[in-house]
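Worksheet: the structure to be examined is printed underneath.
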Amino acid sequence: MKGDRVRLHQFLLYKGESMPDLPPEQWTGIVVDTWGSARHFVRVQRDYDGRVIPMMAKGVAEVLERAKAKSSRGRR
């Protein structure tokens, strides 16, 4: 899940923020970190403003693009 581009169920707002004029289809971001048992929590970097926000994994509506798997082999 880390590195995946995702669409969010909701656009999370914090104190002092106002709702951006975006349709829900544009509530997207990239998963930068996961933690907790069974990875129940994620940090998502929002595409709208680049802010990294913590949230529960169930806040992710769908995965738009999977991160490319990194090779575990060294270069020869």
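Just so it is clear, the model here is predicted, and its values are computed rather than measured. Here, residue 1 is the first one in the sequence, and each next residue gets the next number. FYI, side chains are in, hydrogens and waters are out, and symmetry mates aren't considered; it's all heavy atoms of this structure.
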For residues 38-59, which side-chain N or O atoms pair as donor and acceptor with protein atoms under 3.5 Å away, sequence neighbours left out?
from: H40; atom 1: NE2; to: S37; atom 2: O; distance (Å): 3.4
from: R43; atom 1: NH1; to: D33; atom 2: OD2; distance (Å): 2.9
from: Q45; atom 1: NE2; to: G50; atom 2: O; distance (Å): 3.3
from: R46; atom 1: NE; to: D49; atom 2: OD1; distance (Å): 3.1
from: R46; atom 1: NH1; to: L12; atom 2: O; distance (Å): 2.7
from: R46; atom 1: NH2; to: E17; atom 2: OE2; distance (Å): 3.0
from: R46; atom 1: NH2; to: D49; atom 2: OD2; distance (Å): 2.6
from: D47; atom 1: OD1; to: R5; atom 2: NH1; distance (Å): 3.0
from: D47; atom 1: OD2; to: R5; atom 2: NH1; distance (Å): 2.5
from: D47; atom 1: OD2; to: T28; atom 2: OG1; distance (Å): 2.6
from: D49; atom 1: OD1; to: R51; atom 2: N; distance (Å): 3.1
from: R51; atom 1: NH1; to: E17; atom 2: OE2; distance (Å): 2.5

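Note that NZ of K2 is 7.0 Å distant from OG1 of T34, once rounded to the nearest 0.5 Å. Atoms CD and CG, from Q26 and D21 in turn, are 9.5 Å apart once rounded to the nearest 0.5 Å.
In terms of heavy atoms, H9 sits closest to W27 at O-CZ3, 3.6 Å.
A distance-only check finds a donor-acceptor pair linking the side chain of D4 to the backbone of A67 [under 3.5 Å].
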Stepwise side-chain contact (heavy atoms from CB on, under 4.5 Å) test for L64 and E62: CA-CA 6 Å; L64 300 174; E62 67 178 302; 3.8 Å; yes

Under the side-chain contact (heavy atoms from CB on, under 4.5 Å) rule, what do V6 and V31 come out as? Steps first, then yes or no, please. CA-CA 7 Å; V6 295; V31 176; 4.0 Å; yes

